[in-house]
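Taking it in order: structure first as structure tokens, then the write-up.
We use all heavy atoms of the structure for the numbers below, so side chains are in, but hydrogens, waters and symmetry mates are not. None of the values given here were measured: they were computed from a predicted structure. All chains are named by letter (A, B, ...) in the order of the sequence lines, taking the proteins before the strands, and each is independently numbered beginning at 1.
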Amino acid sequence: MDSKYDFTAIEKKWQDYWDENSTFHAEIDKSKPKFYALIEFPYPSGQGLHAGHPRPYTAMDIIARKRRMQGYNVLFPIGWDAFGLPTENFAIQNKIHPKTVTENNIKKFTEQCKSFGWSFDWRREVDTTNPDYYKWTQWIFLQLFKNGLAYKKEMAVNWCMECKVVLANEEVVNGACERCTGEVVRKVKSQWMLKITEFAQQLIDGLEDVDYPSRITYSQINWIGRSTGAEVDFKTTEGDVLRVYTTRPDTLFGSTYMVIAPEHPYVEKWADKLINITEVRDYADKAARKSDFERSEIAKEKSGVMLKGVSAVNPATEREIPVFISDYVLMSYGTGAIMAVPGHDQRDWEFAKKFNLPIIEVVKGGNIEKEAFTDTEEGVMVNSGFIDGLNVPEAKSKIKSWLKETGKGEKKINYKLRDWVFSRQRYWGEPIPVVWCEACNDWIAVPESQLPLMLPEVDNYMPAENGESPLSTLESFINTVCPACGGPAKRETDTMPQWAGSSWYYLRYADPLNDKEFVSNEALEYWLPVDWYNGGMEHTTLHLLYSRFWHKFLFGIDKVNTPEPYLKRTAHGMILGEDGQKMSKSRGNTVDPNALIAETGADSVRLYEMFIGDFEKTATWNTAGVKGCKRFLDRMWGLADILTDGGEYSEKLCSSMHRTIRKVSEDIEQMKFNTAIAAMMTLINEICANGRINRAELKTFLILLSPFAPHISSEMFEALGFGLVHEEQWPDFDPELCVFNEIEIVLQVNGKIKGRVMAESGADKNALLKAAYENEAVGAAVSGREVVKEIVVSDKLVNIVVK
RNA sequence: GCCGCUGUGGCGGAAUUAGGCAGACGCAGUGGACUUAAAAUCCACCGGUAGCAAUACUGUACCGGUUCAAAUCCGGUCAGCGGCACCA
């Protein structure tokens with residue numbers, strides 16, 4: 001073996017070898033158990049890989065490599081989530097076609113990925129902007145459309161002033177654009193919507209059957225926001241019925257007024273009867289101009305206008321009560337109208353105080369003079385007719401039955417989740433394959449045989465100032481014939497959001513070249529579901545929810561074979577710059593991992609990325625830290641010099657080896673890569689101190705190291721005549737050998753350490769006690785005092801309690 | 001406001017699953033060896049206080065509790081992070 005660890009040459013050699021020999025190509029092989037490992041495919045940005053990418057990729061690579069050595073047939077694919085705004089914006093600024101920008105970026109990313117030695121199956125590479133791929137994205141949209149789950153609707157949407165594009169609710173963070181942090185305003189537009197709300201319950205229930213970290217489960221449940229209550233009908237003096245949703249039907253007797261959203265249709269319905277209609281319309285107009293963010297600022301004082309001329313009747317008390325409009329009631333949730341119970345809802349309480357409305361106590365237990373009493377555990381019903389004296393849960397149940405019997409209302413479950421705003425007025429996305437036919441007076445699906453509906457070439461892909469898609473000016477694209485009646489029709493010019501392509505890519509990986517179906521049954525049955533999917537926390541309410549929705553839809557129409565796409569999901573922590581801030585070009589704290597590879601080699605960078613800290617937690621980058629990992633590999637390389645042929649080997653080292661096998665094996669499964677690496681470092685320190693290692697032990701050690709640092713392991717393995725390390729079996733450990741015969745026992749008196757003594761493992765308790773008393777320091781501490789208790793923990797410690 | 005998580009040396013972090021030697025492993029630092037010199041490498045030290053030292057005391061955000069024994073369990077407080085948030 002060469003005396004110098006020439007990582008550049010070694011890494012190139014093995015990367016070429018793996019490529020040329022198709023080492024990591026996965027084929028269906030029913031004789032082996034399958035394992036589908038998935039990472040979130042990258043968005044190929046112009047900046048190339050940054051230090052954050054290699055963390056999750058290396059982690060799944062370690063798991064994939066270990067699984068292969070454990071006899072699994074592993075699918076570990078890679079692809080490109082390449083549609084999207086940054087590419088389009090870059091293209092506009094630099095006057096290069098987005099397609100060209102994407103091609104260049106993918107080329108760069110591919111090179112960078114290959115230099116890390118990740119064991120992807122490159123033959124299965126997918127690219128969401130490739131027509132062979134987006135043909136099937138469009139096909140899935142058509143299935144949604146045909147099943148009534150895609151519809152176009154005029155509605156107020158979130159509009160990013162910077163990106164000049166519509167945003168889904170999930171893309172608005174604290175009133176700002178998730179991507180560019182630009183201002184988000186409300187704009188009424190006609191938009192394609194997907195009925196994700198129909199799957200709200202399934203999306204909650206499905207979480208029971210998968211292995212997700214609790215923080216992800218919680219945020220998905222939070223986002224879907226299920227609540228149970230009732231809808232109640234209030235008759236009005238106009239002879240119609242105003243329906244409200246409430247989670248507290250038990251407080252019905254305490255409802256002293258009602259509030260409807262400013263956009264509620266009844267405002268205009270009642271316009272003729274409203275004495276103060278001008279004032280009312282004025283308020284509604286102002287509310288409409290506010291962004292959702294402004295409207296929902298909590299600290300804000302309550303405002304509203306009473307509808308003079310119309311009132312409602314509380315169905316429980318039969319009393320007439322006033323109706324208000326106020327922007328604290330949202331048209332988009334429940335029925336857009338509420339029964340206000342100021343005694344037991346803080347918002348209603350504040351509103352009632354401001355407008356001097358009566359506050360009636362119907363649940364006893366608080367002080368409604370000071371604030372609303374919202375506790376549902378302690379209170380007892382009062383002033384509530386036939387439910388007086390009941391506790392809150394009893395009252396809820398009884399009033400629900402009463403509502404049903406009297407026909408005044410019914411049980412109801414509501415969700416905060418909204419339908420998914422699915423169209424974008426931009427160029428660089430999948431065209432939505434529908435046409436508007438004036439004669440048919442409807443949207444008509446493009447026939448599947450005409451897919452892919454190609455994104456046309458345009459000269460100008462700038463979004464229009466009026467918010468229309470760049471495609472809207474392209475006559476040759478727009479004008480077409482109606483597939484239904486053959487008459488003239490116009491194509492939809494909006495495109496799909498970036499989340500479309502990533503909502504099903506894991507399915508395509510199973511069968512990426514299929515031109516007949518989006519994926520074959522055979523591939524589905526063998527590879528799906530994904531066994532282990534690792535990704536970022538930032539995708540919990542976007543990508544993860546969207547792709548589960550699409551999967552559940554496809555399951556419902558028998559196109560996939562499992563109700564959930566991902567069996568196990570884990571999430572890595574972000575990597576911050578050396579200054580502890582989020583890495584960004586503008587801050588200048590980004591780290592180029594490929595420059596580091598040139599300096600210390602990919603194996604060192606891989607190790608450092610895994611050693612940096614708890615995989616699930618945020619970590620701060622420290623370039624100096626890579627040095628420690630490089631030193632470890634240098635010492636590894638040096639082991640060849642102290643290699644002995646013979647079997648002479650200390651029992652102690654043998655035991656350490658088995659313990660390390662156990663530790664590394666277990667830690668990989670729990671993604672505790674940092675401690676797995678620490679264990680290997682400890683072992684190598686021990687070996688170096690020992691001064692020699694035999695061939696069998698070094699061989700085992702190289703196998704253990706190979707998922708983490710595959711290049712150096714492959715090279716040493718081959719050079720020492722062991723063959724190909726990736727063809728080896730993952731080593732087993734012997735639990736008996738993990739325990740070394742000689743164990744150090746801690747000796748305590750009153751819980752304080754007085755000394756240590758060596759004992760045989762599994763030694764008799766009496767023997768340990770005897771050894772303790774024989775210890776000088778223990779003897780001194782015990783002498784002349786009364787022994788109250790003697791505690792002996794086998795193989796660990798002796799504690800003598802004295803008075 | 002609701003839900004969840006976290007708090008350990010100069011730094012990243014280990015030990016928390018099941019209470020049992022706090023600080024593994026690494027970085028940085030200090031002293032030494034090698035070298036004309038530097039880098040690299042090797043050896044030693046490296047929470048705080050006192051001490052030449054052995055050692056003693058103290059120490060895991062803070063206060064308290066359980067226990068022979070608490071970073072770990074329980075109650076409370078403070079700080080930070082994440083999700084939801086006028087959702088009726």
Would you list the protein and nucleotides 17-23 of chain B atom pairs, both N or O, that sit under 3.5 Å from each other?
unit_1 : atom_1 : unit_2   : atom_2 : d
B/C21  : O2     : A/Arg756 : NE     : 3.0
B/C21  : O2     : A/Arg756 : NH2    : 2.6

Every protein N/O lying under 3.5 Å from an N/O of nucleotides 81-83 of chain B:
unit_1 : atom_1 : unit_2   : atom_2 : d
B/G83  : N2     : A/Asn222 : ND2    : 3.3
B/G83  : N3     : A/Asn222 : ND2    : 3.3

Strictly under 3.5 Å: I want the nitrogen or oxygen pairs between protein and nucleotides 8-15 of chain B, one per line.
unit_1 : atom_1 : unit_2   : atom_2 : d
B/G12  : O2'    : A/Ile612 : O      : 2.5
B/G13  : O3'    : A/Asn674 : ND2    : 3.4
B/A14  : OP1    : A/Asn674 : ND2    : 3.1
B/A15  : OP1    : A/Lys672 : NZ     : 3.2

Pairs under 3.5 Å (N/O, protein and nucleotides 39-47 of chain B):
unit_1 : atom_1 : unit_2   : atom_2 : d
B/U41  : OP1    : A/Arg631 : NE     : 3.3

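Sorted by first and then second residue, the side chain to side chain donor-acceptor pair (under 3.5 Å) pairs involving residues 676-686 of chain A (not counting sequence neighbours) are A/Arg635-A/Asn685, A/Ser656-A/Glu686. Residue pairs meeting the salt bridge (charged side-chain N to carboxylate O under 4.0 Å, His left out) criterion with at least one member in residues 621-634 of chain A, sequence neighbours excluded: A/Lys630-A/Asp634. The salt bridge (charged side-chain N to carboxylate O under 4.0 Å, His left out) contacts involving residues 750-764 of chain A comprise A/Glu744-A/Arg756, where partners must be two or more places apart or lie in separate chains.
By the salt bridge (Lys or Arg N to Asp or Glu O under 4.0 Å) test, A/Asp419 is found to be paired with no residue, residues two or more places apart in sequence or in another chain being considered. In terms of the side-chain hydrogen bond (donor to acceptor under 3.5 Å, both in side chains) criterion, A/Gln346 has no residue partners (sequence neighbours excluded). With sequence neighbours excluded, the residues that form a salt bridge (Lys or Arg N to Asp or Glu O under 4.0 Å) with A/Lys354 are A/Glu301. Residues passing the salt bridge (Lys or Arg N to Asp or Glu O under 4.0 Å) test with A/Glu790: none are found, sequence neighbours excluded.
With distances taken from any side-chain atom of A/Met681 to the nucleotides B/C25, B/A85, B/C57, the minimum falls on B/C25.
Residue contacts for A/Asn414: at a heavy-atom cut-off of 4.0 Å it reaches no nucleic acid atom on any strand shown.
The cationic atom of A/Lys672 (NZ for Lys, CZ for Arg) does not lie both less than 6.0 Å from the six-membered ring centre of A/Phe615 and within 45° of the ring axis.
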Legend entry - Strand RNA chain B as a dot-bracket string - pairs counted if Watson-Crick or G-U with both distances under 3.5 Å, | where the partner lies in another strand: (((((((..(((.......[....))).(((((.......))))).((((....))))..(((((..]....))))))))))))....
